[in-house]
Amino acid sequence: MADKYEQVLELAKRRGFLWNSFELYGGTAGFFDYGPLGAMLKRRVENIWRDIFVINEGYYEIESPTIGVEDIFIASGHVGGFSDPLTECQKCHEPFRADHLVKDIVDNPDTMSADQLTEVIEKHNIKCPECGGKLGTAYEFNLMFKTAIGPGGKRAGYLRPETAQGMFVDFPRLVKFYRDHLPFGATQIGKAYRNEISPRQGVIRLREFTQAEAEIFIDPRDKTHPKFKDVADMVMNLYSQEGQVSGEIKKMTLGEAVKNGIIAHEFLAYCLARTYQFLVRVGVLPDKMRFRQHMKDEMAHYAADCWDAEILSDRFGWVEVVGIADRTDFDLKAHAKQSQKELSIYVSYDTPRKVEKFVIKPDMGVLGPKFKGKAGKIANALKALSSDQLSGEVIQLTIDGEQIEINKDCVKFETVTEEIHGENIIPHVIEPSFGIDRITYSLLEHSYFEEDSKEKVDDGEEEQEEKRIVLRLPPEVAPVQAAVLPLLSRDELIIPGKEIVEKLRKAGILVSFDDSGTIGRRYRRNDEIGTPYSITIDYQTLDDGTVTIRDRDTMKQIRTKVSDIAGNIYDMIYRGKSLDFISPYSPLGIV
RNA sequence: GCACCGAUGGUCUAGUGGCUAUGACUUUAGCCUUCCAAGCUAAUAACUCGGGUUCAAAUCCCGAUCGGUGCACCA
């Protein structure tokens with residue numbers, strides 16, 4: 001029994017959406033090509049993402065290299081944490097974590113190299129816990145693809161396992177670009193790479209995949225969102241930590257969810273809303289979508305809250321397609337530590353704070369000439385003293401082992417009240433991270449419909465049902481936006497058809513032309529790839545300059561003037577107008 | 001990575017240790033055709049790869065690759 005995945009993938013393969021990569025050479029698991037229609041579809045999905053996050057939210061897109069230097073991934077934890085030392089039983093071939101096997105024997109197995117672990121295993125004669133067989137040499141399996149930068153292989157480079165680090169690394173530049181104001185965000189759409197041990201599930205788990213990520217830097221003291229009120233009434237399927245215990249998905253508004261503490265704060269909830277809008281706009285069915293909160297033990301230790309957008313797929317069940325996390329200041333702190341640079345931003349207080357401060361002012365006019373080269377050190381030593389120590393007639397100091405006496409006249413001190421206007425803080429990061437490939441696949445699956453066509457052919461003995469395959473893609477993401485079809489394959493219809501093609505192309509519409517076979521067949525061919533509108537040229541076109549536009553989903557047709565079609569098609573694709581809102585052409589001016 | 005199952009034109013599939021390896025759909029060219037795939041004529045196109053057994057292998061055996069399923073893995 002063919003399931004939907006099989007049906008969708010068969011269509012995707014046949015019509016040029018998705019192909020297994022390197023098929024010519026036998027293929028390799030974990031890699032997919034986007035064919036002509038798939039690449040266009042994916043690009044349109046990405047552009048809608050840009051429209052929402054870059055244009056509307058104002059989080060500019062950057063582009064950083066797909067190869068990163070080692071320091072980045074030491075800081076991010078991918079070099080250490082993204083790999084595990086494995087050892088395999090030689091007899092039953094079961095793999096085990098080498099460090100786990102020796103943890104009762106040595107103190108810090110997780111800091112040991114694979115060679116050291118092998119040594120320990122051999123010395124203590126550790127056997128396979130499953131079958132008692134001999135264990136093989138331990139090796140590190142890191143999920144990052146490693147390469148060498150430059151000749152000699154001295155400098156390690158890694159293909160990035162996520163795009164996020166690019167935004168973190170550029171943080172100081174971004175702060176300047178956004179002129180020292182929080183919140184701000186930067187986004188990136190690009191490839192990431194993970195050398196999965198055994199990728200399965202087709203396009204769901206890839207070794208090379210496209211991420212669209214936003215890193216939004218916010219003030220940790222204020223996690224509200226100015227536009228939250230616009231989305232507070234949106235109803236979502238929320239599968240919270242509690243809900244997962246009781247197995248209950250709750251429909252509720254985002255306003256309620258924040259108020260009841262189910263979602264940690266407004267900013268995160270706002271990101272959920274935008275994610276929902278994005279997914280629906282590209283063609284994911286709202287009923288087959290939910291937001292699942294990470295359980296406490298599932299969440300990274302530093303994360304304040306984390307929600308995944310999940311999409312229901314026929315074969316794979318609920319598939320994570322987006323992760324939305326409050327990563328706090330973890331990433332910036334990690335890079336600050338690794339790079340030895342301060343990664344913070346100055347923020348002003350609403351009202352300046354008054355702080356009492358004890359100020360010591362050594363009189364350099366006296367100290368300088370008297371102590372010459374030592375004057376600087378003496379001044380610093382004086383500044384470190386407390387008011388008690390400064391209160392005597394003579395102050396005793398030890399500088400470089402030498403006793404020095406300073407007259408109290410040489411140093412002034414006082415308590416002053418200072419106004420502090422702000423401070424350097426490390427922003428928190430809200431990170432919505434989208435798996436574009438999974439989303440693209442999901443919307444294909446959600447758009448895929450097989451319909452029984454109304455006519456059944458009675459073939460004498462057996463009755464055959466004719467089915468129509470339709471991809472009900474939102475017009476905005478459909479790769480081919482309109483098809484121009486002469487009713488009959490005759491020059492007098494083909495020539496005006498080709499003129500219409502040119503006209504639509506000039507209007508920026510991706511259009512195909514097809515004059516082969518019967519008209520019905522051509523409609524079906526276009527239904528199958530999701531072309532939303534078909535324009536048919538018939539003999540009336542020659543008389544009065546009108547054509548019909550056929551709607552993919554309803555199969556309804558409407559007649560309109562050739563001079564109007566570019567505008568009409570554009571409005572229907574990009575402005576959400578439906579066929580019903582196009583005024584039909586009538587020679588008498590009567591509708 | 002382990003175990004089990006599978007792999008035949010673009011798609012779905014028939015088949016057998018032995019002549020030019022089925023069929024349907026698709027596609028292409030042409031005919032026909034005034035609106036929803038099924039008319040006519042023709043054409044293109046396949047046994048996953050490597051090794052072995054054999055006079056002969058797409059078929060049997062072994063291995064690899066890819067795909068599916070279960071286990072492990074999925075920061």
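All values below come from the heavy atoms of this structure, side chains included, with hydrogens, waters and symmetry mates left out. First the proteins, then the strands, lettered A, B, ... as listed; each starts at 1.
Every residue meeting the side-chain hydrogen bond (donor to acceptor under 3.5 Å, both in side chains) condition with A:Q188, not counting sequence neighbours, appears here in chain and number order: A:S64, A:R160. Residues passing the side-chain hydrogen bond (donor to acceptor under 3.5 Å, both in side chains) test with A:T187: none are found, sequence neighbours excluded. Scanning for side-chain hydrogen bond (donor to acceptor under 3.5 Å, both in side chains) contacts around A:E208 gives A:K191, with sequence neighbours left out. Partners of A:E23 according to the side chain to side chain contact (heavy atoms under 4.5 Å, CB included) rule, which considers only residues two or more places apart in sequence or in another chain, are A:N20.
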Kindly give the atom pairs (protein nitrogen or oxygen, nucleotide nitrogen or oxygen) under 3.5 Å for nucleotides 61-67 of chain B.
residue	atom	partner	partner atom	Å
B:U65	O2'	A:G26	O	3.2
B:C66	OP1	A:A29	N	3.3
B:C66	O4'	A:G26	O	3.4

Which atom pairs link the protein and nucleotides 7-12 of chain B when you take only N or O atoms and keep those under 3.5 Å?
residue	atom	partner	partner atom	Å
B:U11	O2'	A:E10	OE2	3.1

Hey, what are the protein-to-nucleotides 42-49 of chain B N/O distances that come in under 3.5 Å?
none

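Atom C1' of nucleotide B:C36 and atom CD of A:E451 are separated by 12 Å, given to the nearest angstrom. The CD atom of A:Q201 sits 8 Å away from the P atom of B:U69 (whole-angstrom rounding). Rounded to an integer number of Å, the gap from A:D553 CG to B:C36 C1' is 15 Å. Rounded to whole angstrom, the span from the CZ atom of A:R521 across to the P atom of B:C32 amounts to 17 Å. One atom, CG of A:L11, and another, C1' of B:C25, lie 15 Å apart when rounded to the nearest Å.
In summary, the aromatic rings of A:F291 and A:Y239 are positioned with their centroids too far apart to meet the 6.0 Å limit. In summary, the aromatic rings of A:Y5 and A:Y441 are positioned with their centroids under 6.0 Å apart. Checked against the 6.0 Å centroid threshold, A:Y158 and A:F145 do not count as a close aromatic pair.
Here the separation of B:G70 from B:A57, taken at their P atoms, is 39 Å to the nearest Å. Comparing the P positions of B:U44 and B:A29 gives an interatomic distance of 15 Å, to the nearest angstrom.
None of A:D314, A:L444, A:L9 except one satisfies the side chain to side chain contact (heavy atoms under 4.5 Å, CB included) rule with A:K4; the exception is A:D314.
Salt-bridge annotation for A:D544 and A:K561: absent, with no side-chain N of the basic residue lying under 4.0 Å from a carboxylate O of the acidic one. Salt bridge present: A:E196 and A:R205 bring a charged side-chain N and a carboxylate O closer than 4.0 Å.
Taking a 4.0 Å limit (strictly below) on heavy-atom distances, residues 480-496 of chain A reaches RNA chain B at A:L487, A:L488, A:S489, A:R490. Using a 4.0 Å cutoff on non-hydrogen atoms, no part of residues 329-339 of chain A comes near RNA chain B.
Among residues at least two apart or in separate chains, salt bridge (charged side-chain N to carboxylate O under 4.0 Å, His left out) pairs with a member in residues 9-19 of chain A are A:E10-A:R14, A:R14-A:E528, A:R15-A:E528. Contacts classified as side-chain hydrogen bond (donor to acceptor under 3.5 Å, both in side chains) and involving residues 321-331 of chain A (residues at least two apart or in different chains) are given here: A:K223-A:D326, A:H265-A:D326, A:Y302-A:R327, A:R327-A:D331, A:D329-A:K333.
Nearest to the side-chain atoms of A:Y539 among the listed nucleotides B:C36, B:C35, B:U34 stands B:U34. When each of B:C35, B:U28, B:C36 is scored by its nearest atom to the side-chain atoms of A:M555, the top-ranked nucleotide is B:C36.
When heavy atoms are screened at a 4.0 angstrom cut-off, A:R550 is found touching base atoms of the nucleic acid.
For the pair A:F316 and A:D551, nearest-nucleotide mapping onto RNA chain B gives the more 5' position to A:D551.
Remark: A:R290 is positioned above the aromatic ring of A:W318, its terminal NZ or CZ atom under 6.0 angstrom from the ring centre and at most 45 degrees off the axis. In this structure, A:R472 forms a cation-pi arrangement with A:F449, its terminal cationic atom sitting closer than 6.0 Å to the ring centre and no more than 45° off the ring axis.
Stem regions for RNA chain B, each three or more consecutive Watson-Crick or G-U pairs with both distances under 3.5 Å and listed by first number, read B:1-7 with B:65-71, B:10-12 with B:23-25, B:27-31 with B:39-43, B:48-52 with B:60-64.
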